[in-house]
Visitor: 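For reference, the structure I am asking about is given below.
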Amino acid sequence: MTTISAHGFPQAGTRRAADHRSPSARLADAEGALKALLERWSIPALRVALGAVFVVFGALKFVPGASPVEPLVEATWGVLTFGAVGGHLALVLTAVIETVAGVALISGVFARLGLLVLAVAFVGIFSPIVFFTDQLVTAAGPTLLGQYVAKNVVLVAAALVIASRVLRSRPGTR
């Protein structure tokens, strides 16, 4: 039997019972502790990582020539806005959208806003699949640009996981 001191700590010599537990019981305890740690920190870590990805890729679009998707961004804005937005303005708007979403996610305080902005961004990010399929996929398979667009499926999944944590529930639901 383990005795606990007045301060809540096990007293010397009381760990013997725990030391005689099977290795599988100790492994189960370690696994449980790891699971608790992951439940506490994995989604916040994913939120910050996703935010950082959007800050970095958004910031690249502020610098002319730095982003490999500049022509695709300009063309996509042109199609989505019926030619009203294109060129450098398209890059700046995309850069603002992506960096705002990223900073909002990193902050945690504005994560719901960041998710909303990301939802808008994902419309533009995936639009080239419809409008510029020939630039994304060839007979030989996906182009490098196509792979760049396709990897965003993982970012959408990450955003959904984050949304499951940060969105509010309706009153009376869990």
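Owing to the predicted nature of the structure, the values given are computational and were not obtained by experimental measurement.
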Visitor: Could you give the distance from CD (Gln135) to OG1 (Thr143), rounded to the nearest 0.5 Å?
Guide: 8.0 Å
Visitor: Could you check whether any side-chain heavy atom of Val55 comes within less than 4.5 Å of a side-chain heavy atom of Val103, counting everything from C-beta outward?
Guide: yes
Visitor: Taking only Lys NZ, Arg NE, NH1 and NH2, and the carboxylate oxygens of Asp or Glu, determine whether Lys61 and Glu98 approach each other closer than 4.0 Å.
Guide: yes
Visitor: For residues Val154 and Val149: do they belong to one hydrophobic cluster (side chain heavy atoms under 4.5 Å, members Ile, Leu, Val, Met, Phe, Trp, Tyr)?
Guide: no
Visitor: Report yes if the side chains of Leu91 and Ser67 come closer than 4.5 Å at any heavy-atom pair, otherwise no.
Guide: no
Visitor: To the nearest 0.5 Å, how far apart are CZ in Arg26 and NE2 in His20?
Guide: 10.0 Å
Visitor: For Lys35, is there an ion pair with Glu39 - N to carboxylate O distance below 4.0 angstrom?
Guide: yes
Visitor: More than 12 heavy atoms of other residues, nucleotides or ligands under 6.0 Å from CG of Leu34: is that the case?
Guide: yes
Visitor: Please report the closest heavy-atom contact between Gly58 and Ala95, naming both atoms and the distance.
Guide: O-CB, 3.2 Å
Visitor: Measuring from Ile125:CD1 to Asn152:CG, what's the distance to the nearest 0.5 Å?
Guide: 5.0 Å
Visitor: Taking all non-hydrogen atoms of both residues, which atom of Pro128 and which atom of Thr76 are closest, and how far apart?
Guide: CG-OG1, 3.4 Å
Visitor: If two hydrophobic side chains count as joined below 4.5 Å and joins carry through other members, does Leu46 share a cluster with Val153?
Guide: yes
Visitor: Calculate, to the nearest 0.5 Å, the distance between atoms CG and CG belonging to Leu116 and Leu167 respectively.
Guide: 10.0 Å
Visitor: Does anything in residues 74-103 form a ring-ring contact (aromatic ring centres under 6.0 Å, His included)? List the pairs, not counting sequence neighbours.
Guide: none
Visitor: How about Phe110: does its CZ atom have over 12 heavy atoms from other parts shown lying under 6.0 Å from it?
Guide: no
Visitor: Locate the shortest heavy-atom distance separating Val117 from Ala101; write the atom from each residue and the value.
Guide: CG1-CB, 3.7 Å
Visitor: If you round to the nearest 0.5 Å, how far is OG1 of Thr99 from CD1 of Ile106?
Guide: 10.0 Å
Visitor: Does anything in residues 131-162 pair up under ring-ring contact (aromatic ring centres under 6.0 Å, His included), and if so which pairs, sequence neighbours excluded?
Guide: Phe57-Tyr148
Visitor: Are Phe62 and Val56 co-members of a hydrophobic cluster defined by side-chain heavy atoms under 4.5 Å apart?
Guide: no
Visitor: Mind listing the closest non-hydrogen atom pair of Gly87 and Glu74 along with its distance?
Guide: O-CG, 3.4 Å
Visitor: Distance from Ile97 atom CD1 to Leu118 atom CG, nearest 0.5 Å?
Guide: 10.5 Å
Visitor: If we only count heavy atoms from C-beta on, is the Arg21 to Asp29 side-chain gap below 4.5 Å?
Guide: yes
Visitor: Establish whether Val109 and Phe54 are linked, either directly or via other cluster members, by ILVMFWY side-chain heavy-atom contacts under 4.5 Å.
Guide: yes
Visitor: Decide yes or no for Leu80 and Ser127: does some side-chain heavy atom of the first lie under 4.5 Å from some side-chain heavy atom of the second?
Guide: yes
Visitor: Would Val48 end up clustered with Val156 when hydrophobic side chains under 4.5 Å apart are linked, directly or stepwise?
Guide: no
